[in-house]
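Only one structure is covered here, and it is reproduced in the block below.
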Amino acid sequence: MMHPLSLEGTARLVAGLLLGTAFGFFLIQSEMGWRKTLLDQLAMKNGKFFKILFSSLAFGAVLFYFAKNYGIVTIQTRPTFFWGAAVGGMLFAAGIALCGQYPAAAVASLATGKTYSLWTFIGMLLALPSVHFLSKWISSTVHKWPAPAFYADRMEKMFAGFHNIYFWVAAFSALMFLFFEFVQGGGDDEAEEKKERE
Amino acid sequence: MLNFFKGRWSAFISGLAAAMLFIIIIYALDTPAGMSDAYLKISDYCRESLHMRKVSEFFPFDWQTAFLAGIGLGAILASLSGGTWRLRMIPEDVKGSGPVGAFGVTILQNVAGGFLVMTGLQFAGDSFLGQWAAAMQLSTGAWIFMFSFIVWGVVFSGISRAAASGGGDKPKKRGGKE
């Protein structure tokens with residue numbers, strides 16, 4: 001049985017930097033770090049953002065299943081609350097509709113010369129003290145609101161009747177990928193750009 | 001091979017790359033992949049510096065802030081190799097007139113948007129990358145967050161475009177690329 005590496009000290013710091021570099025590279029090459037990709041996705045003009053999201057979930061669920069079974073990884077998630085996730089998703093979406101960037105994308109975009117991302121970054125940093133201030137209120141309200149009866153923290157518990165929920169989730173994600181592939185397409189910008197140049 | 005580093009990646013390749021990156025992060029660090037703590041630390045650092053009226057000497061440099069710095073570094077490398085590095089102060093789709101102008105609209109939209117994005121993530125309990133990685137690990141809350149984001153994102157985007165085009169008129173075509 002294998003175990004997670006669990007790097008510590010300087011090795012952890014260097015690993016953080018290298019993995020962050022790989023992720024930054026990924027955000028630009030995949031176009032997930034661009035404001036236009038996300039805004040076009042939400043406007044239903046180009047399905048690339050959701051296609052990447054769901055294909056990664058399809059691959060990720062299967063990879064994680066095997067990695068967990070071989071002991072390479074352990075489940076590493078933060079505790080979530082039904083209403084916290086639902087309301088949080090709504091507020092997040094409202095913000096995205098305005099600025100078209102999430103935290104990692106704002107950093108990547110700023111690094112590629114899009115200086116307007118600095119304002120998004122400032123807005124994000126301003127939110128943290130106010131949320132700190134409100135955290136007691138959030139803990140005693142939104143996080144305490146009763147979740148629906150069917151809700152459980154883990155999908156394995158919630159869908160206990162399914163034989164192997166990891167594969168079902170992967171299949172569902174692959175279906176969502178195909179849905180956005182056939183309904184919205186996306187990712188043909190490079191071809192369009194070439195045409196324009198010609 | 002060079003095209004892999006210079007050209008754009010397809011959704012399929014990008015999805016595989018993201019999945020592998022998240023698995024490697026969890027394997028190497030054995031901790032949730034999100035970086036909301038990094039933002040909290042930077043925010044505290046800024047607050048402390050403002051309070052003391054000088055730049056605090058002790059920058060909170062740990063794996064999470066290193067990860068954030070790495071994202072910037074990787075983005076620079078990718079944009080330089082792909083030729084997409086471009087200095088831009090105002091997004092091409094932002095139009096503005098009057099005393100505020102496009103620059104003012106950019107500031108207002110981005111500060112308000114960033115504020116809402118981070119508030120939403122704090123309600124949900126982790127950063128977007130953290131929610132993404134948790135969804136791969138079948139956390140129900142992360143899936144609820146994702147679906148809430150997708151549904152409300154489309155709704156708010158429609159409202160925002162309707163408002164920008166003058167309340168219900170045909171939305172203006174977003175011009176150019178980033």
Side-chain angles (χ1 to χ4, degrees), chain A residues 4-6 12-13 15-17 19-21 23-26 28-30 34 36 42-43 51-52 55-56 59-60 63-64 72-73 75-78 80 84-95 97-99 102 107-108 111-116 119-120 123-125 127-128 131 155, chain B residues 9 11 14-19 23 25-28 30 32 43 63 66-67 70-76 78-79 85-89 106-107 109-111 113-120 122-128 134 136-141 144-145 148-149 152-153 156-157 160 178:
Chain A
L5 263 184
S6 308
R12 194 173 177 84
L13 203 75
L17 190 68
L19 289 166
T21 305
F23 217 95
F25 198 86
F26 155 78
I28 299 304
Q29 292 300 86
S30 67
W34 297 137
K36 181 175 165 40
L42 295 183
K51 272 163 56 184
I52 297 174
S55 66
S56 73
F59 284 123
L63 280 174
F64 186 80
I72 297 169
V73 294
I75 291 171
Q76 293 292 345
T77 58
R78 290 179 199 274
T80 52
V87 175
M90 188 183 74
L91 290 171
F92 178 75
L98 277 175
C99 69
Y102 48 95
V107 176
T112 59
K114 316 293 183 288
T115 53
Y116 55 81
W119 303 115
T120 311
M124 287 172 185
L125 291 182
L128 291 167
V131 174
M155 282 190 165
Chain B
W9 296 350
S14 303
L16 183 62
I23 299 290
I25 291 170
I26 298 168
Y27 168 64
D30 200 25
S43 175
W63 82 265
F67 188 83
I71 288 178
L73 192 65
I76 291 174
S79 62
W85 202 97
R86 218 165 291 161
L87 194 66
R88 189 174 286 282
M89 290 177 80
T106 300
I107 295 175
Q109 271 191 352
N110 284 274
V111 171
F115 189 92
L116 282 170
V117 161
M118 192 51 90
T119 307
Q122 293 298 305
F123 265 78
D126 206 347
S127 68
F128 181 68
M136 278 178 197
Q137 299 169 63
L138 270 52
S139 158
T140 319
I144 287 166
F145 172 85
S148 176
F149 156 54
W152 285 108
F156 286 131
S157 167
S160 146
E178 270 189 274

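All values derive from a computational prediction rather than experimental measurement. Each chain gets a letter, A, B and so on, in the order its sequence line appears, and its residues count up from 1.
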For the pair [X] (side chain) and [Y] (backbone), establish whether a donor and an acceptor sit closer than 3.5 Å, ignoring hydrogens and angles.
| X | Y | answer |
| --- | --- | --- |
| B:Thr119 | A:Ala127 | no |
| A:Thr77 | B:Ala134 | no |
| A:Thr115 | B:Arg88 | yes |
| B:Gln137 | A:Phe64 | no |

Shortest non-hydrogen contact from [X] toward [Y]:
| X | Y | answer |
| --- | --- | --- |
| A:Thr80 | B:Ser139 | OG1-OG, 4.0 Å |
| A:Ala97 | B:Phe156 | CB-CB, 3.7 Å |
| A:Ala111 | B:Gly72 | CB-O, 3.3 Å |
| B:Ala19 | A:Ser56 | CB-O, 3.6 Å |
| B:Pro32 | A:Gln76 | CD-OE1, 3.4 Å |
| A:Gly60 | B:Ile23 | O-CD1, 4.3 Å |

Atom pair [atom1]/[atom2] of [X] and [Y] - distance to nearest 0.5 Å:
| X | Y | atom1 | atom2 | answer |
| --- | --- | --- | --- | --- |
| B:Ser157 | A:Leu42 | OG | CG | 5.0 Å |
| A:Leu19 | B:Ile71 | CG | CD1 | 10.5 Å |
| B:Trp63 | A:Leu13 | CH2 | CG | 11.0 Å |
| A:Arg78 | B:Asp126 | CZ | CG | 4.5 Å |
| A:Phe59 | B:Ser14 | CZ | OG | 10.5 Å |
| A:Trp119 | B:Ile107 | CH2 | CD1 | 4.0 Å |

- Testing B:Trp152, B:Phe115, B:Phe145 for ring pair (Phe, Tyr, Trp, His ring centres under 6.0 Å) with A:Phe92, which one passes? B:Phe145
- Message: Below 4.5 Å, heavy-atom pairs only: which of B:Ser160, B:Gly125, B:Ala124 has the largest tally toward chain A?
- Response: B:Ala124
- Winner by heavy-atom pair count (cut-off under 4.5 Å) against chain A, out of B:Val111, B:Leu73, B:Leu138: B:Leu138
- A:Phe25 and B:Trp9 aromatic ring geometry - parallel, tilted or perpendicular at 30°/60° bounds: tilted
- Message: Taking side-chain contact (heavy atoms from CB on, under 4.5 Å) as the definition, give me every residue that meets it alongside B:Leu116, ordered by chain and number, with sequence neighbours left out.
- Response: A:Leu91, A:Ala94, A:Leu98
- Item | chain A contact via B:Ser127 - side chain, backbone, both or neither, heavy atoms under 4.5 Å | neither
- Note on the structure: Comparing A:Gly84, A:Gly123, A:Ser55 against chain B, the one with the most heavy-atom pairs below 4.5 Å turns out to be A:Gly123
